[in-house]
Protein chains: 2
Amino acid sequence: MKRTTIKDIARQLGVNPSTVSRAMKDHPDIGLTLRNEIKQLADQLHYRPNHMAVYLRQRSSRLVGLIVPEVTMFFYPSVIRGIQNVLHEHGYNLIMLPSNESLEREMENIQICYENDVAGIMLALSRYTQTSEHLAMLEEVGAPVVMFDKILDGLPYDSIVLEDFESARLAASHLIETGCRRIAGIFGNPNLRITQLRLDGFRQALQDFNLEQHADLICFSDNPYDAEKCARTFMALDSAPDGIFAMTDEIIIGALPAIATSGKKIPEECSVICISDGFLPYCLHPKVTFLHHDGYEVGRLTAQRMIDLIESGQYVNKDYRGQKIMVKARLIELATTRRRE
Amino acid sequence: MKRTTIKDIARQLGVNPSTVSRAMKDHPDIGLTLRNEIKQLADQLHYRPNHMAVYLRQRSSRLVGLIVPEVTMFFYPSVIRGIQNVLHEHGYNLIMLPSNESLEREMENIQICYENDVAGIMLALSRYTQTSEHLAMLEEVGAPVVMFDKILDGLPYDSIVLEDFESARLAASHLIETGCRRIAGIFGNPNLRITQLRLDGFRQALQDFNLEQHADLICFSDNPYDAEKCARTFMALDSAPDGIFAMTDEIIIGALPAIATSGKKIPEECSVICISDGFLPYCLHPKVTFLHHDGYEVGRLTAQRMIDLIESGQYVNKDYRGQKIMVKARLIELATTRRRE
DNA sequence: TTACCAACAGCAATCGTTTGCACAACTGGT
DNA sequence: ACCAGTTGTGCAAACGATTGCTGTTGGTAA
């Protein structure tokens, strides 16, 4: 199956390819009669310009690379939706490059972006990316970079992040304000920046309210199964918590059933709060009050910033230092939390 | 930031671009000394071939289009992982094109594949795609097509699908074999092929065991919230079901909490089974026995078939009629289901 | 010395599209 | 009849990489 090219049309009409090219983009040089004739034939032959050839001539592709650590069922689907919607509006296409949480793969993905001469790169770092050495290649690519969610401070790129510290602080504060005094927290992998920030925010809240910090009421878990164990351990404690904070969707989905079946009533004996992308808390039982970390919004903002950079060309300035955009979380109260006055 | 091209290297070394090109691919015509010299400089300048230029010369891109109805948190993340892993192994890249469940967008996405002259298209149809008229464009593209999950029968393309009828039949049979007699089913959107197939399978099982079909024990729901309502309605019935089948992850996540809080004991008074991608049933409480519809496997097989078609060139044969590959589901018994002898 | 063959390198065309420039064919004013 | 101006069209180069062909060395055998 051969593609129809501009040449085919030119040949059939006995005109020059350049005339066809101009006619297709309504260049005033081409007479209306001929222009229509050309367009009609183009339509008839299903002519569509070859993006790659156009790119080669114009040196600007309409492909944008998206490098993510992994496509999990949490958070990333929303982000991708947000990104796609904005990108599509502006006529850009997405090339997806999961790093499988591997540093090596992350480098390779940047390489691939370079080979395809993408117009820009959107990047969430793998969990093993603690330094920026292997990111040197990003400079080479010469395309704007926007980082999101999993970022590294000190890099000269724009970034879109959620207010991790603040959300965790607010979540814990909400538990305290509604009467909880022994608050436990279930966190993710302690090596992640995001975990540290949320842990700090959590602790800040306890400190703000002059509550004692109990080391045995903090635990870390990489997945829902471990989170379930954490929750069971908490609930089996002699002095069990009267409030539990879960750092992510992945954690609450494991922890909630354990809490619910511990014998304690939710929220009368133990309140629960989490940080979530906003879908799960509505589905789970009992419904869980949460701070909405809106992945869709992060995706939209990331793509929006990407487009701005591409089209403004700001990033070519060597001195350009990206700014960090913080996305605020909103408290969504699905569960009444007890008030003990 | 300018890319290093083959010409830059040639100029610096005072040789012809063609010599550089040949040296880079170890053509025997180029002497070892020169060859190494070229390679070294290429390395130093971070030379990487421009994919688009290569494509233009060779008329074959290493881009594959993935058209999906929507990127939801269920099923598609697994599929995408499977696809990516296989594609990456073979040096292909993925361009993601969500249709947002819109027919128009689906057509546009096929168009985009054409414009980018992709090497192949992997396609899951939007829910509104009941006829194949608007898919005529697929022929035009001249690239191999593999459909998966949401397919349409009668199209000449390969397809990878799950055994919907059979899985539903097995699930319902399992409930019956473990003692259930009044079995309810919660299904998805009744206009979808997949829903009809699963419904048919479900009914087949009842028939196989000579159980009466109760119209009031079948309901349809587009989302977890409606599924929750369905489940509540069932449980409130005078003659409540003693077994419930949920067609998808999306449904079980809504339905299970409703069942669990109905007062009836699971599984002693009411058994639950569902069809799932395999993650959720481990997280939910109580754990749910399920038929594993492995999205990751579907993704892998789809991509594998894609690669085979591209590299064998079979699809150019006008008479080529794709075959349908059925992926079997496996029963995973997480919950003991009561046995009433 | 001549003939021949490797070994090595360059020329130029090609892929599909765009675009600056030149040029041809008109019109109308003098 | 001539020039200026308008309108329409074509030529050719360019983007980066590849490849068939040609041409130039050097060496070896006759």
Side-chain angles (χ1 to χ4, degrees), chain A residues 1-39 41-42 45-63 91 114-119 140-142, chain B residues 1-39 41-42 45-63 91 114-119 140-142:
Chain A
M1 192 94 32
K2 219 191 133 301
R3 290 176 68 94
T4 305
T5 74
I6 226 168
K7 288 185 187 172
D8 297 327
I9 299 176
R11 204 175 316 118
Q12 284 199 42
L13 255 41
V15 300
N16 194 282
S18 59
T19 305
V20 177
S21 171
R22 277 189 259 258
M24 292 306 288
K25 36 183 47 176
D26 288 319
H27 191 108
D29 266 9
I30 309 300
L32 217 73
T33 333
L34 180 58
R35 204 192 298 178
N36 285 331
E37 206 178 340
I38 288 174
K39 283 190 171 179
L41 183 61
L45 299 178
H46 297 111
Y47 168 77
R48 298 260 75 209
N50 184 325
H51 269 28
M52 315 259 201
V54 172
Y55 147 83
L56 194 59
R57 181 67 227 261
Q58 320 223 307
R59 271 0 294 291
S60 80
S61 80
R62 295 190 83 76
L63 240 38
Y114 179 69
E115 289 172 353
N116 286 285
D117 208 359
V118 296
E140 219 66 41
V141 181
Chain B
M1 193 97 28
K2 221 192 133 299
R3 290 177 68 94
T4 304
T5 75
I6 225 169
K7 289 185 188 173
D8 298 327
I9 299 176
R11 203 175 318 118
Q12 284 197 41
L13 256 40
V15 301
N16 193 284
S18 59
T19 305
V20 177
S21 171
R22 278 190 258 260
M24 292 306 288
K25 35 183 50 175
D26 288 317
H27 190 108
D29 266 8
I30 308 300
L32 217 73
T33 332
L34 180 59
R35 203 192 298 178
N36 285 332
E37 205 177 340
I38 289 174
K39 283 190 172 180
L41 183 61
L45 299 179
H46 297 109
Y47 169 76
R48 299 259 74 209
N50 184 326
H51 269 28
M52 315 263 201
V54 172
Y55 148 82
L56 194 58
R57 181 67 228 263
Q58 319 222 311
R59 276 353 298 289
S60 81
S61 80
R62 295 190 82 76
L63 239 37
Y114 179 69
E115 289 172 353
N116 286 284
D117 209 358
V118 296
E140 220 65 41
V141 182

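Throughout, protein chains are lettered first and strands after them, A, B, ... in sequence-line order, and every chain is numbered starting at 1. Source: prediction; values computed, not measured.
Distance from the side chain of B:Asn50 is smallest to D:dG16 among C:dA9, D:dG16, C:dC11. You'll find that the side chain of A:Arg59 is closest to D:dC15, out of C:dC15, D:dC15, D:dG10. When distances run from any side-chain atom of A:Thr19 to the nucleotides C:dT17, C:dG10, D:dG10, the shortest one goes to D:dG10. Between D:dC11, D:dG20, C:dA9, one nucleotide has an atom nearer to the side chain of B:Ile30 than all others, and that is C:dA9. Side-chain proximity of B:Ser18 to the nucleotides C:dG16, C:dA12, D:dT9 is greatest for C:dA12.
For the pair A:Asn116 (side chain) and A:Val118 (backbone), a donor-acceptor distance under 3.5 Å is absent. Looking at A:Arg22, its side chain never comes within 3.5 Å of a backbone N or O of A:His27 through a donor-acceptor pair.
Distance CG (B:Leu13) to P (C:dC8): 16 Å, rounded to an integer number of Å. Note: CD1 (A:Ile6) to P (D:dG10) measures 13 Å, nearest angstrom. Rounded to an integer number of Å, the gap from CD of B:Gln58 to C1' of C:dT14 is 12 Å. Rounded to whole angstrom, the span from the CG atom of B:Asn16 across to the P atom of C:dA12 amounts to 10 Å. Following rounding to the nearest Å, A:His27 (NE2) and C:dC21 (P) show an atom-to-atom distance of 13 Å. What separates CD of A:Glu115 from P of D:dA17 is a distance of 11 Å, to the nearest Å. For A:Leu56 and D:dA17, the CG to C1' distance is 9 Å, given to the nearest whole Å.
When each of A:Asp29 and B:Met24 is assigned the nucleotide of DNA chain D bearing its nearest heavy atom, the one mapping closer to the 5' terminus is A:Asp29.
Residue A:Arg35 places no side-chain atom within donor-acceptor reach of the base of D:dG8, judged by atom type and a 3.5 Å distance cut-off alone. One can find a donor-acceptor pair under 3.5 Å joining the base of C:dG20 and the side-chain atoms of A:Arg22.
Ion pairing of A:Asp117 with A:Arg59 is present here, as a side-chain N (NZ or NE/NH1/NH2) and a carboxylate O approach within less than 4.0 Å. Classification of B:Lys39 and B:Asp26 as a salt-bridged pair holds, one side-chain N sitting under 4.0 Å from a carboxylate O.
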